[in-house]
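Quick notes on the structure that follows.
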Amino acid sequence: MSEYLSEEERRAIRESFARLLAKHCTESDVRRLIATPEGYDRDLWRRMADMGVLGLLVDPTYGGSGAGAVELESLMEEAGAALLPGPLLSSGVLGSSLFSACTDDGVRLRLLPGLASGDTIASVALTGDSGTWRPDGVSVDAAPKGDAWLLTGCASFVTWACAADVLLVAARAPDGLGVFLVEDAQSLAGVTALQTHDPTLHLSRVVFKGVDAVRLPGLDESALEQAMNLARIALAGEQAGAARRVLDGTVEYIRTRVQFGRPVGGFQAIKHMAADLLLEVESATSVARQAASAFDEGDADSNELISLAAFACADAFVQTASSAIQMHGGIGFTWDHWAHLYWRRARADAQLFGGADFYRDRYLAAKESRNAK
Amino acid sequence: MSEYLSEEERRAIRESFARLLAKHCTESDVRRLIATPEGYDRDLWRRMADMGVLGLLVDPTYGGSGAGAVELESLMEEAGAALLPGPLLSSGVLGSSLFSACTDDGVRLRLLPGLASGDTIASVALTGDSGTWRPDGVSVDAAPKGDAWLLTGCASFVTWACAADVLLVAARAPDGLGVFLVEDAQSLAGVTALQTHDPTLHLSRVVFKGVDAVRLPGLDESALEQAMNLARIALAGEQAGAARRVLDGTVEYIRTRVQFGRPVGGFQAIKHMAADLLLEVESATSVARQAASAFDEGDADSNELISLAAFACADAFVQTASSAIQMHGGIGFTWDHWAHLYWRRARADAQLFGGADFYRDRYLAAKESRNAK
Amino acid sequence: MQSNDSDDAIDPLRAEVRGWLDEHWDASARKPAHDFGIGWRRLVVDAGWAAPRWPEQWGGRGLSDDDALVVEEEFNRVGAPGCGQDRSHVSANTLLTFGTDTLKHEALFRLIAEEITTCLLYSEPGAGSDLAAVRTRADWNGEHWVIKGHKIWTSGARTAEYGLLLARTDWDRPKHKGLSFFFVPMKQPGIDIKPIHQITGDSHFNEVFLDDVVVPASNLLGELNEGWKVLLVGLAYERLIMGEGIGERKQGSSKDDHNRADLISMARDAGLLKDSVFRRDLAQVLAYRQLNELNVARAKMELGRDKSSPLMSMSKLAMSRILHEEARIMTKMLGAASLLDGEPHEAAADVNYRAANAYMTSIGGGTDQIQRNIIGEQVLGLPREQEADRHIPFRDSRSVTG
Amino acid sequence: MQSNDSDDAIDPLRAEVRGWLDEHWDASARKPAHDFGIGWRRLVVDAGWAAPRWPEQWGGRGLSDDDALVVEEEFNRVGAPGCGQDRSHVSANTLLTFGTDTLKHEALFRLIAEEITTCLLYSEPGAGSDLAAVRTRADWNGEHWVIKGHKIWTSGARTAEYGLLLARTDWDRPKHKGLSFFFVPMKQPGIDIKPIHQITGDSHFNEVFLDDVVVPASNLLGELNEGWKVLLVGLAYERLIMGEGIGERKQGSSKDDHNRADLISMARDAGLLKDSVFRRDLAQVLAYRQLNELNVARAKMELGRDKSSPLMSMSKLAMSRILHEEARIMTKMLGAASLLDGEPHEAAADVNYRAANAYMTSIGGGTDQIQRNIIGEQVLGLPREQEADRHIPFRDSRSVTG
């Protein structure tokens, strides 16, 4: 947990963020943004910066609040609940943590303040067409060219590249994986926007045909893995928060929807579905938070918990959003109802950074190695 | 389907068998038999022989009715429903079909009439301690010794060896798997009765330290597989019939058990469990019967259907018996209630001849090879 | 059932159908042999082959079920459409059973000739699972029925000639006892049709607003206030059809009508057929579908082709699981690619469409939960769900009082 | 919550407990330091450590929850038993809250010193999930209460000093309103105890037949006809304890008390850790257990150690799934060997025992279905299940009339 934020400050920023989203990220806001090419709300982005959300992970030296995974997870629960569209995960989590881990203070000084203030948006290219988000899925090669590097290859499923000012690219250098900075990302050729199933998520495919880039010192495979871990925790928080909101909304509906002369939530078939979902939602919340706390504390079981959070939260959100449509009946099958927006997000979140079965296996492997000791 | 039995004869024998079991294989009969060392009812065995049940698969030349898998499956539904204990599957199915496939008419003339009349009981040793019931699980070796053979090794999970007059042993000969006959099985040394989870099932482990045996000509790996297929169909029928009986009994209970002022079957949680179980039971019945019919017709998809029946019927019976205990509540948790007897049989049947996951994979492999064509 | 094709044993009916088809249908070109001046389906109707089980008065031939199947077999053999309407045309069968002669003369032949279509005006925003709670009203003004109300989940509303309408004709009786069933002429003022955008992206369904819509007395089906009985006949058909998997058609989409997923080929292409975890899931999903097919086949064998059976009522429930699970495993096969959608990403678009469209079966035509009630109550004989407003005047029900 | 062990910062309470333990407990030998002439637990009671949250009058020290936890920590640190009864002893807490002074003087100290035990006389053959339908009667004969009835699922009936009994004292009130709660002295004639043979093979429970059993007036807990309220306190405790997995103890069997399965080691021994299908199942089962532990830990953190929370009410339901799934995966690990049982086949016996015993959690102490009702109604605020006989005189209920 953060050395910089007190318990009260932490609660306060979460509450402020929740209020902000309740005001500027309603369902109709989300639907409005879906129809825009940008896909996110620049004003809201600015407000999030002012509130310290964008610089949450950034050290105070560079204008951030220097908070940790616990605070991040907590805010992501709110972001998930509101179905917030935009590059928070890309820029505020992956970008911030990668730049922060860079050992070149010049880079940090140049980039981090912009990320924290919202003036600069970062996008991170982590995987190729295989979409595995594993080191072996990286399909960009980096070749030295004087002091700089030349990138060749292809990255896909790049989140919010469309909105990015700078692009960070995981690429294979002669000495192993590294992270490379492409500035002025908006003028980069070879970026294709991909049509997505979840309209609140923007993805791009980027083809590099000899693109000049700067290698960020200090960012090896393990630094990348740390940044990914933060992103996994953030995503788990988003899923837990979104799942809870879906359940709340569904419970509200079944409490009031009358069929056969009484509210449908009084029928066991529906009531028991809700009870089972609550268990999933509470479990998702518990593990997302505990994974965050273990990460911040550097606990020995933090990898295990992050993997557990990754699949448990993904499954919980998919199950909750899927059941929600069923529990709403016909109205849940309409485009104008909110349920399918969450359902699409749930399906998308379940694929980002690798599927549930991958993390299930990774979780078991972590438990095995602890068991063997 | 049989050339010897008419549609009416088939229905008649099933109905007679059902009446016989209703009279002589009630729950209290089963409980009484569980407490005896033999574990089955010799009088009932005799009556089953008289009715033609034991000689069902035996050619009329040898005193049987020469029926096929369709008739067998149909009777096994009744046997399963009544939780019939005894060597029907060992002697009436595996034994009969192996001897029938033997190309030595002398063997057939000597053994089959006894099997059909119930005077001779056969047990078949098919697997070793691994309990896979696959060719690679056979752990008895057969070495030639003049005209005869010498068996060495070990077989386990041998059904009803305790009751057997003759033992058929799958063993590895120099030229491949074969089937070997050990007569006077009751005086065979090295037979240990195994304590079983399902008290209606008797199993033994048999250690062969150079036992004299006769090789049955014509019985190679493929003949063994045919016999196994009949046994799988029989077991599927048993499972389908038992599952249906369990569901019927459970529905009867929840129709009459009053809690909160009304029958518990009126509560959706219970009602919907019953509806879901009905789907499983009907599916089990459909596939067991269709597998039998495809086997008799020599259909191209008969292996596929037999594998499907193997896991679908196993899963259906386990699910039905497990849910039945839950649906009965406290009374279902008592030894004196019938539910756990079926539950134990369901768990046992799910292991005999290999587990559900094995057959699921085998089913897919069969579908693949048809799909590739 | 015989399908003996040897000429020496052919039965006279089969010979007659065959002769008629030889004369009128070009089997190799799969089209009528000549231009007969009328549409092919009308030709079939006029010859009495469209609904051979029906009485001659209404265009049938009064054939037994077995004989009718002979006619269908012969039509199928040469790929000629138009037969079997007595088995599969829900509206026409409802009309035959419950309609007035006036209405039958007006609509029956055109329906089975498929010259006109119908739509279903059953569900309402407040009457989904609880269909008997409809509040659309039909009042007799001395001359004709006047309809006022708001219907939902109506497909084909714009093209339909008639709407099959469930409306309340007596508010003082209990909910099931005050409903009547009408054939509403759809081409008239007062009917406002608004498409519903579904989560699949399709707009297959509509909302239909009825404002002082008029219906002649002869368009009442069955007795006044006995509309619930008429409805049940139609619903039973709908569920049966969904159970056979027709619900998985991509109605309203640009895709083929029959696009069952070939999961094995997909898995092979995705290189997943050697992944043992995936194999187990795949085998189970294939099993669900095959078991349902075996159930349907057994039901048909045991009970004859057009009777309903306990197995049939389970089939829709089974199909719901099949479609959801198939979509799930297909999503797994695609992995990250399922994040995509739209024309450039055809496989993803297909999977995502299927995942959404599976709800059409698990919700439409009676939710899975309602299906389980039906199976529990009507098949297993378990006590009915308590229905607070079943026996009180509908105007006092919570559906009205809120 | 602090567990600062440095001597300079030690708080006076911690110092006192530590001093007392130093004097009375031999930490290395894990036994009392001397023979004090009375049992260890009585020594702890007399010192006020057994239930430090309780008022001094009843053997406590009136400590806050935080302070009481300090006492428990110190006891745990040296492995001394006997502390924490104010948190975990269901009967004693019920007695403290609802009992008469007479009864408290008679039983309270002996209970928390564990010199006597109690048993629960709640369920009846006709009152399982519907506990309020009990038909055991308590009638006042002018001198004392006379009990007549048939109870079931009572563990420890033979050794118990008291039975906590729910009985009907007014048949003209609705079912929940005519019940009273008694501490019944068990060592008296008229009580007949018959063991129940469970599907596990154990006989952990009994049926208890009560025939004109007498109970003094002072053994009524709470108000007359307010027994339901007393009961709810005890039930909440029972569920909480099951949710923490104590229900998986093999009570009554010859096995250890705490035998959580080490599934990873089992899988390794079975050579299954490289089987990817098995790995997925195993990971999921381990996840269920760990998620439940995280839920329980969060609930405790958020709400303090001895308050109940929505999470706690879910824990028993979660544990039910965990135990069934663990048994299932263990069965899979054994494969054919699970056909066996009994002493010569220890692994099989263990697995088969677990598979059967899992029902103790999914049925006992409120079935999974009842738990889902509770979560839906009490946590999510959904409408109550309709209860046909909730508001009528109990003698007119179907539980009585059949």
Side-chain angles (χ1 to χ4, degrees), chain A residues 247-248 250-252 254-256 258 261-291 293-294 301 304-305 307-309 311-313 315-316 356-372, chain D residues 243 262-268 272-274 276-302 309-321 368-386:
Chain A
L247 179 57
D248 287 349
T250 304
V251 166
E252 182 58 32
I254 63 176
R255 252 202 299 246
T256 49
V258 170
R262 53 183 172 122
V264 297
F267 290 95
Q268 282 189 332
I270 302 298
K271 184 186 292 177
H272 289 192
M273 279 172 97
D276 286 336
L277 292 180
L278 183 62
L279 178 58
E280 300 305 317
V281 167
E282 293 295 356
S283 300
T285 306
S286 294
V287 69
R289 293 184 186 172
Q290 190 56 35
S293 150
D301 62 352
E304 177 183 315
L305 282 164
S307 294
L308 177 58
F311 71 85
C313 295
D315 289 349
D357 279 348
F358 167 70
Y359 284 106
R360 239 183 296 272
D361 202 81
R362 197 168 172 263
Y363 165 69
L364 180 57
K367 278 197 110 58
E368 270 176 78
S369 69
R370 274 157 44 82
N371 173 283
Chain D
D262 178 358
L263 297 175
I264 292 183
S265 299
M266 271 188 77
R268 187 178 288 123
L272 282 165
L273 270 185
K274 303 230 179 290
S276 58
V277 177
F278 185 80
R279 285 180 69 84
R280 186 176 62 177
D281 292 349
L282 177 58
Q284 190 59 56
V285 173
L286 294 171
Y288 286 145
R289 185 178 278 276
Q290 189 162 4
L291 291 170
N292 187 46
E293 287 166 357
L294 293 173
N295 280 341
V296 171
R298 180 159 67 92
K300 285 185 175 167
M301 197 182 67
E302 285 179 0
S309 116
L311 281 180
M312 284 318 210
S313 69
M314 271 171 284
S315 216
K316 177 173 176 292
L317 184 60
M319 192 50 70
S320 163
R321 176 165 70 177
D368 285 356
Q369 287 68 38
I370 294 292
Q371 292 303 309
R372 290 192 182 95
N373 271 0
I374 291 173
I375 295 167
E377 293 164 15
Q378 295 178 14
V379 184
L380 296 173
L382 295 172
R384 288 187 64 89
E385 190 60 44
Q386 297 191 321

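Keep in mind that what you see is a predicted model, and the values were worked out from it rather than measured. Per chain, numbering begins at 1; letters A, B, ... match sequence-line order.
A salt bridge is defined here as a Lys NZ or Arg NE, NH1 or NH2 lying under 4.0 Å from an Asp or Glu carboxylate O, and A:Arg360 with A:Asp315 meets this definition.
Residues A:Arg255 and A:Pro263 are not in side-chain contact: their nearest non-hydrogen atoms beyond the backbone lie 4.5 Å or more apart.
Of the two parts of A:Leu305, only the side chain, counted from C-beta on, holds a non-hydrogen atom closer than 4.5 Å to a non-hydrogen atom of chain D. D:Arg384 touches chain A through its backbone: at least one of N, CA, C or O sits under 4.5 Å from a heavy atom, while the side chain does not. For A:Ala309, no part sits under 4.5 Å from any heavy atom of chain D, backbone or side chain. For A:Phe311, the part sitting under 4.5 Å from any heavy atom of chain D is the side chain, from C-beta outward, and nothing else. At a 4.5 Å heavy-atom cutoff, A:Glu252 makes no contact with chain D through either its backbone or its side chain. Looking at D:Asp368, neither its backbone nor its side chain comes within 4.5 Å of chain A, counting heavy atoms on both sides.
Side-chain N/O atoms of D:Ser276 and A:Asp361 include no donor and acceptor closer than 3.5 Å.
Atoms CD1 and CG, on D:Ile374 and D:Leu380 in that order, are 12.5 Å from each other to the nearest 0.5 Å. Taking OG from A:Ser369 and CD1 from D:Ile264, the interatomic distance works out to 9.0 Å, rounded to the nearest 0.5 Å. Within the model, atoms CG of A:Leu279 and CG of D:Asn295 stand 6.5 Å from one another, a figure rounded to the nearest 0.5 Å.
Between A:Leu278 and D:Ile375, the shortest heavy-atom distance links the atoms CD2-CG2, 3.7 Å.
For the set A:Gln268, A:Gln290, A:Met273, the count of heavy-atom pairs under 4.5 angstrom toward chain D peaks at A:Gln268. When the candidates A:Lys367, A:His272, A:Arg289 are compared by the number of heavy-atom contacts under 4.5 Å with chain D, A:His272 comes out ahead. Listed options A:Glu304, A:Arg262, A:Lys271 were ranked by heavy-atom pairs under 4.5 angstrom with chain D; first place goes to A:Lys271.
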